[in-house]
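Residue numbers begin at 1 in each chain, while the letters A, B, ... track the order of the sequences. Model, not experiment: these values are computed from the prediction.
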Number of protein chains: 2
Amino acid sequence: MRRCDELGRVSEEEGRLTRTFASPAMRGANALVGSWMRQAGLTVREDAAFNLIGRLPSAERGAKSVIIGSHLDTVRDAGKYDGPLGVLIGVAVAEKMRGQNLPFHLEVVGFSDEEGVKYQTTYLGSRAMCGLLAAKDLGRIREKGIARAKRAKREFLAYLEAHIEQGPVLEHVRAPVGVVSDIAGQTRIRAAFIGRAAHAGTTPMNLRRDALCGVAEVVLAAEKAGVIATVGQCAVEGGASNVIPGRATFTLDVRDVKDAKRRAACGKLRKIAAAVARRRGLALEWEIVQETPTAPMDAGLTSVLRRAVGSRVRTMASGAGHDAAVMSKVCPAAMLFVRCKGGVSHHPDESVKESDVAVALDVLARAVLELAKRHG
Amino acid sequence: MRRCDELGRVSEEEGRLTRTFASPAMRGANALVGSWMRQAGLTVREDAAFNLIGRLPSAERGAKSVIIGSHLDTVRDAGKYDGPLGVLIGVAVAEKMRGQNLPFHLEVVGFSDEEGVKYQTTYLGSRAMCGLLAAKDLGRIREKGIARAKRAKREFLAYLEAHIEQGPVLEHVRAPVGVVSDIAGQTRIRAAFIGRAAHAGTTPMNLRRDALCGVAEVVLAAEKAGVIATVGQCAVEGGASNVIPGRATFTLDVRDVKDAKRRAACGKLRKIAAAVARRRGLALEWEIVQETPTAPMDAGLTSVLRRAVGSRVRTMASGAGHDAAVMSKVCPAAMLFVRCKGGVSHHPDESVKESDVAVALDVLARAVLELAKRHG
């Protein structure tokens with residue numbers, strides 16, 4: 001917790017926490033966390049993608065790596081825990097494992113880019129390490145060398161990640177931690193209704209083509225779509241209080257653990273929007289700008305985590321994306337959520353309880369020892 | 001029509017028509033229209049409020065004035081007809097009346113500020129002439145001298161105004177002109193819902209306090225409120241596509257000819273908004289920023305206009321404000337609407353038919369002759 005505070009002061013902006021990919025602040029965070037890793041007895045390096053890697057080497061020949069990771073970059077005006085908490089829990093777990101003579105290398109990884117603030121392309125750090133960067137990502141970024149961070153799939157035995165929940169569920173059910181079943185798929189849509197701007201005083205209600213009324217219907221339909229659906233942005237273009245909205249834009253974010261259900265909900269909402277447009281004499285623009293399938297966590301590794309938690313385990317899907325979604329493509333991955341205050345995240349008010357962090361640390365340490373038993 | 005074109009080129013902005021109160025462009029418009037007034041045989045002056053006044057004097061002792069007026073200022077990026085058309089129809093009517101020896105002075109007035117673009121305070125020109133400027137208006141403007149434009153109420157016999165409809169009704173019913181019964185009262189409201197911004201992926205639907213969902217309900221309720229009601233602006237403050245709206249602001253413009261009905265509708269919408277807020281766990285901000293009562297046109301003068309139109313007269317309320325609303329406070333006032341294309345106004349595409357303008361000119365001329373008969 002003290003380290004989260006200290007790390008939270010390493011920022012590229014005065015007075016608030018912002019640490020983007022490959023920035024001096026991120027390099028400073030790597031230096032600071034690297035020093036803590038060394039204190040914990042790890043050998044430390046930074047890979048070509050600016051990922052910070054601390055390793056407690058195994059004496060066994062041909063040992064693979066169990067990685068405890070999360071990210072050290074942040075959004076703008078961030079809280080102190082989203083990302084760093086998982087890395088620092090990893091450092092503390094590794095410190096506990098010193099002298100345990102594990103049958104695998106225990107690595108703690110601080111990924112360099114999960115939030116994607118700098119290039120609007122998420123997971124640069126973990127995807128570089130897994131060799132999963134797309135050509136269009138490399139085209140978009142200046143640091144072309146990050147592709148050299150790629151490691152062979154066979155090096156990875158398992159990936160564990162602790163992360164604040166960023167939601168209110170654990171607080172609601174009064175559980176300090178929860179185990180993640182899946183990282184939910186997501187569809188992001190950019191849409192607009194186009195009607196006819198006209199004088200708000202002189203145009204009778206029945207002769208209107210009001211674009212905002214169309215958006216209002218979709219906002220309320222999204223709420224009832226049976227999935228996690230959010231209209232986060234809405235704007236009347238060129239609007240004025242005495243002008244009927246001629247063009248209104250909005251975004252739609254749809255998530256569900258079941259890809260088919262998410263796709264069906266998106267299809268249904270598009271149909272509803274099209275019907276609204278027809279009925280109201282509006283034109284509709286509807287563009288899917290991002291579509292990410294659900295990343296299921298590994299069942300075996302997740303049950304190791306569940307047993308480490310003990311009785312009354314809360315299992316839940318993650319509505320937010322995490323590095324574990326990328327890592328799950330190359331090895332078994334599992335995630336532990338830590339309760340956070342009010343579900344607040346991406347905000348300086350982000351807050352966790354010290355006792356909850358202690359629980360998470362204990363769970364991960366027990367999971368590592370269980371893995372050591374299995375692979376010993 | 002040719003004069004409307006020529007006048008439409010007198011602008012303070014390159015490439016588009018903008019003519020605000022007391023600007024060089026407005027003074028230029030006064031000079032140009034003044035020259036046309038002189039050609040029509042009027043004596044021309046500009047009063048202390050920059051109103052352009054052309055007069056065809058009566059030979060009778062103690063004659064009062066019948067005024068045909070409208071405004072010469074415009075909104076930004078305006079059309080050519082909103083305002084100027086009524087002034088130029090007035091000039092043409094006065095030209096026809098030359099040598100008629102009317103029992104009243106016939107004045108054509110081009111008011112200097114109806115739109116209120118410069119100071120966000122409408123009707124500066126007509127209110128100055130009628131002595132209806134409020135202290136807070138004078139406090140807001142640099143041209144304090146305009147109060148000197150005040151004329152005695154007893155000078156005014158009647159006020160007539162021709163204006164484009166700025167709405168689609170006359171086009172819809174295929175009538176070249178319409179007679180205005182009232183200038184509808186208006187309430188302008190600025191409102192906001194405040195909920196809780198949270199992560200769009202991790203916050204279950206039942207634990208949300210989404211401010212935009214609140215706005216959506218009010219937008220649809222306003223549409224069904226039984227009055228002319230418009231949510232013209234709507235914005236999610238600090239929004240992002242993956243964040244649940246924490247604060248959403250909107251405007252509400254409510255108009256009706258019946259003041260009691262308008263007030264009741266505003267009260268009902270406020271109650272609906274408050275109920276929405278309660279149900280959704282939101283806070284509600286609701287501020288009435290402007291309230292203007294309905295200005296009825298004079299029944300006698302309006303029936304003169306109706307008879308001048310002839311059979312099948314379309315009588316309608318004006319949803320937009322006009323100088324006639326101010327003039328109705330000091331003398332009988334009546335208004336004639338001229339059909340405009342698609343109801344488009346406050347836009348360079350504003351368009352009227354030459355044949356409709358001819359009808360309006362003829363109607364006003366006949367109304368003036370009818371008044372001459374009555375007051376002769």
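No part of A:A198 comes within reach of chain B, as not one of its non-hydrogen atoms sits under 4.5 angstrom from that chain. At a 4.5 Å heavy-atom cutoff, the contact between A:V227 and chain B is made by backbone atoms alone. Within the 4.5 angstrom heavy-atom criterion, atoms from both the backbone and the side chain of B:T203 approach chain A. In this structure, the portion of A:V243 lying under 4.5 Å from any heavy atom of chain B is its backbone and not its side chain. Contacts of A:H172 with chain B are made by side-chain atoms alone, with heavy-atom separations under 4.5 Å and no backbone atom involved. Only the side chain of A:L207 comes within contact range of chain B, judged by heavy atoms closer than 4.5 Å.
Here A:G232 is the residue among A:G232, A:G321, A:G246, A:A197 with the most heavy-atom pairs under 4.5 Å with chain B. Most heavy-atom pairs under 4.5 Å with chain A: of the set B:A248, B:G167, B:C234, this distinction falls to B:C234. Comparing B:G239, B:A235, B:A240 by how many heavy-atom pairs each has under 4.5 Å with chain A, the most go to B:A240. Heavy-atom pairs under 4.5 Å with chain A were tallied for B:G342, B:A229, B:G343; the largest tally goes to B:A229. Highest contact tally toward chain B, considering only A:L220, A:I244, A:V169, is held by A:L220 [criterion: heavy-atom pairs under 4.5 Å]. Here B:V231 is the residue among B:D210, B:V344, B:V254, B:V231 with the most heavy-atom pairs under 4.5 Å with chain A. No other option in B:A216, B:A211, B:A222 has as many heavy-atom pairs under 4.5 Å with chain A as B:A216. Counting heavy-atom pairs under 4.5 Å between each of A:V215, A:V219, A:V218, A:T230 and chain B puts A:T230 at the top. The most heavy-atom pairs under 4.5 Å with chain B, out of A:M205, A:R196, A:E165, A:H347, come from A:M205.
Within 6.0 Å of NZ on B:K118 lie more than 12 heavy atoms contributed by other residues, nucleotides or ligands. Remark: A:R174 CZ is loosely packed, at most 12 non-hydrogen atoms of other residues, nucleotides or ligands lying under 6.0 Å away.
Contact check for B:D323 versus B:Y123: side-chain heavy atoms found under the 4.5 Å cut-off. Residues B:P168 and A:P204 have side chains in contact (heavy-atom distance under 4.5 Å, counting atoms from C-beta outward). Contact of the B:L252 side chain with the B:W286 side chain is registered, since non-hydrogen atoms from C-beta on lie closer than 4.5 Å. Side-chain contact between A:V352 and A:I164 is present, with heavy atoms from C-beta onward closer than 4.5 Å.
Checked by atom type, the side-chain pair A:E161/A:S70 shows a donor-acceptor distance below 3.5 Å. Side chain to side chain, A:H346 and A:D82 meet the donor-acceptor criterion of an N or O pair below 3.5 Å.
Contacts from residues 179-193 of chain A to chain B, taken as heavy-atom pairs separated by less than 4.5 Å, involve A:R188 in sequence order.
For the side-chain contact (heavy atoms from CB on, under 4.5 Å) test, residues two or more places apart in sequence or in another chain that qualify with A:Q233 are A:T251, B:S241.
A donor-acceptor pair is defined here as one N or O able to donate and one able to accept, closer than 3.5 Å; such a pair exists between the side chain of B:R208 and the backbone of B:A200. A donor-acceptor contact shorter than 3.5 Å is absent between the side chain of B:H322 and the backbone of B:A324.
Aromatic pair A:H71/A:H163: ring centres closer than 6.0 Å.
Across A:A225 and A:L269, no two heavy atoms sit closer than the pair CB-CD1, 4.0 Å.
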